[in-house]
There are 2 protein chains.
Amino acid sequence: MTRPALNVSERLTAPPVVAVSTVIFALQPPVGQPTGADASTGTSSLWLPLVRRTREPFRDAWALPGGPLAWDQSLDETARSTLHAATGLAPRYLEQLYTFGGTERSASDLRVVTVAYWALIALANRTPLSPIENVAWFPADSLPLLAFDHADIVTVAQNRLRAKAGYADVAVRFLGEEFTLSELRRVHDAVLGTRSDPANFRRRMLGSGRLEPTGATRREGPHRPARCYRFVEPAGSDLLERPAHELSDEPPGPSPDHSPTTDRKRDPA
Amino acid sequence: MTRPALNVSERLTAPPVVAVSTVIFALQPPVGQPTGADASTGTSSLWLPLVRRTREPFRDAWALPGGPLAWDQSLDETARSTLHAATGLAPRYLEQLYTFGGTERSASDLRVVTVAYWALIALANRTPLSPIENVAWFPADSLPLLAFDHADIVTVAQNRLRAKAGYADVAVRFLGEEFTLSELRRVHDAVLGTRSDPANFRRRMLGSGRLEPTGATRREGPHRPARCYRFVEPAGSDLLERPAHELSDEPPGPSPDHSPTTDRKRDPA
DNA sequence: CGAATAGTGTCTGTCAGACATTATACA
DNA sequence: TGTATAATGTCTGACAGACACTATTCG
């Protein structure tokens, strides 16, 4: 895990260090954060935890949670363990994002290759997160100056999050096992910064075949209670045994102009 | 670039080596390959170059072109230079794919983290590629057994290629600057393994606003000549100055059920 | 002229957004 | 009863696939 001390010219030509950094998204931070954001606009917003650096370079600057790749851990494992160290939580979603390996990345003379991950965590239980040393939560749209090129990494992560929210079940990861369509819609809108029509959102979600009513209902105001749903894998997807990245990372998308096997269905009879 | 020789236990705990491997796709390989695929079905198909290993582990097995990350090269640069070494060509498209860093990846005891790329190259000029030592082209759907986990990497790359072909300008990269709609459609279908309706494909492509007629036409058979087009960035995209991965890697996709700023357009007058 | 592809027009089914309407809870 | 949201239904416009039809070139 340690390597012998090197002088400057040795560091410059030494093999690069591999590190893992993770952009961790959550909706609505735990209570009482010393950040100056709107705490009561009603719409929830994206927040993420940062770690204050205690060493040069960029000492005292904020940085993404992360750390070096240990020789006996996979990249995913490293992301999970550093995530846990920074938040005390396990992610409900974790995906590799991009690997940054430019030669000009670091202010130091030690070459670092950073494998970036992004993660979603649920803050359903309002346990205010055991306050962890040197960790603070910030709204994703007003971050402090970040160390290294971590601001770029956050930008890429936010783009990925928004893109995936459009077609994947990403929004579900912010919620508990059971949720109402309104809750799901609010998450969806918070991530994308939009305001969907409740009726159309309902129709689309139910029509997607990925939601299943649990039978439970939830009362939350002076109005009719809402049915609860859970997320289910669409029928047939269990045939494929997908190891995270093995299958397409991409959406079904605007389907190409063909039926998969045959065109021209009508017989020219 | 070199590191001192280590014994086995030292290798096990040494910092991981960073390597770059690239899946290079082309349509229709150069002439006369000793591979047993259908060479005359009329539909072009995807091929990719592999390199025969000359060292253990996996000596004599086929592997993706690639090599170690040099201390003075970025990941992209390394991908490009190893790609050039294997094909003698420059890619028309190059994108980082995924980083593989499991602890069980290699049969050797030296931990390797591989940053995988995928690339597209055009073989418009039928120059049969200066035959390069230990390099051969294979049809993407009938590859030999590959070293390491390179078969997984190819699978991921093919999924990404197919997914991107659905919405991005990927198909264009296989062609020259100027092309007819039929050529574009054939590429599109070869990548996706489909047969599109020419009329609908034309309408969709022209409607996308990303094609611009060059004025030229091309005669290629006993029929009306075809107009030529070039690919253009859609209007307004030049405002954004996008450095490859900074912006969304994802499709516009099935747009969320909202107009970006306001819902409910009709006035209840 | 016949064959073959380039290119156009049209019909139809699907689906998303807009929005009216009914249902049900609480104060 | 008033209000707020849940849930359903309907209309419309956009768009993709199917496919008939016209245009143009070569042999």
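Each chain gets a letter, A, B and so on, in the order its sequence line appears, and its residues count up from 1.
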So, do Leu94(B) and Leu120(B) sit near enough that their side-chain heavy atoms are less than 4.5 Å apart?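 With C-beta onward as the side chain, the pair stays apart.
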Is the shortest heavy-atom distance from the side chain of Leu143(A) to the side chain of Leu48(A) under 4.5 Å?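 They are in side-chain contact.
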Would you find a donor on one side and an acceptor on the other, under 3.5 Å apart, between the side chain of Arg218(B) and the backbone of Thr180(B)? no
Start with the C-alpha gap between Trp118(A) and Tyr93(A), add the side-chain angles, then the distance that decides, and say whether ring-ring contact (aromatic ring centres under 6.0 Å, His included) holds. CA-CA 8 Å; Trp118(A) 67 290; Tyr93(A) 188 74; 5.3 Å; yes
Atom [atom1] of [X] to atom [atom2] of [N]: distance rounded to whole Å?
| X | N | atom1 | atom2 | answer |
| --- | --- | --- | --- | --- |
| Asn200(A) | dA7(D) | CG | P | 15 Å |
| Arg185(B) | dG7(C) | CZ | P | 11 Å |
| Phe201(A) | dT8(D) | CZ | P | 15 Å |
| Met205(A) | dC15(C) | CE | P | 16 Å |
| Arg204(A) | dT14(C) | CZ | C1' | 15 Å |

Which comes earlier along DNA chain C counting from the 5' end, the contact point of Glu183(B) or that of Arg203(B), where each point is its nearest nucleotide?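 Here Glu183(B) is the residue nearer the 5' end.
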Looking at Arg227(B), does any N or O in its side chain come under 4.0 Å of the phosphate oxygens OP1/OP2 on dT8(C)?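 For dT8(C), OP1/OP2 do have a side-chain N/O of Arg227(B) under 4.0 Å.
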Between Ser182(A) and dT5(D), does any side-chain N or O lie under 4.0 Å from OP1 or OP2?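 No, because none of the side-chain N or O atoms of Ser182(A) sits under 4.0 Å from OP1 or OP2 of dT5(D).
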Report the distance from atom OG1 of Thr217(A) to atom CZ of Arg224(A), rounding to the nearest 0.5 Å. 10.5 Å
Nearest to the side chain of Arg202(B) - dT24(D), dG7(C), dT8(D)?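 For Arg202(B), the side-chain atoms sit closest to dG7(C).
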Any idea which of dG7(C), dA7(D), dA6(C) is nearest the Arg224(A) side chain? dA7(D)
Listed partners of Arg203(B) passing side-chain hydrogen bond (donor to acceptor under 3.5 Å, both in side chains), at least two apart: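 Arg203(B) satisfies side-chain hydrogen bond (donor to acceptor under 3.5 Å, both in side chains) with Asn200(B) once adjacent residues are dropped.
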Identify whether any heavy atom of Thr180(B) sits under 4.0 Å from a base atom; if not, whether one sits that close to sugar-phosphate; answer base, sugar-phosphate or nothing. nothing
Mapping Cys228(A) and Pro225(B) to their closest nucleotides on DNA chain D, which lands nearer the 5' end?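 By nearest-heavy-atom nucleotide position, the 5'-most residue is Cys228(A).
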For Pro144(B), the side-chain contact (heavy atoms from CB on, under 4.5 Å) test, sequence neighbours excluded, returns Leu50(B), Trp62(B), Phe138(B), Leu146(B)
For DNA chain C, the residues among residues 214-223 of chain B that have a non-hydrogen atom under 4.0 Å from it: Pro222(B), His223(B)
Let's test your reading of the model: under 3.5 Å, does the base of dA16(C) pair with the side chain of Asp197(A) as donor and acceptor? no
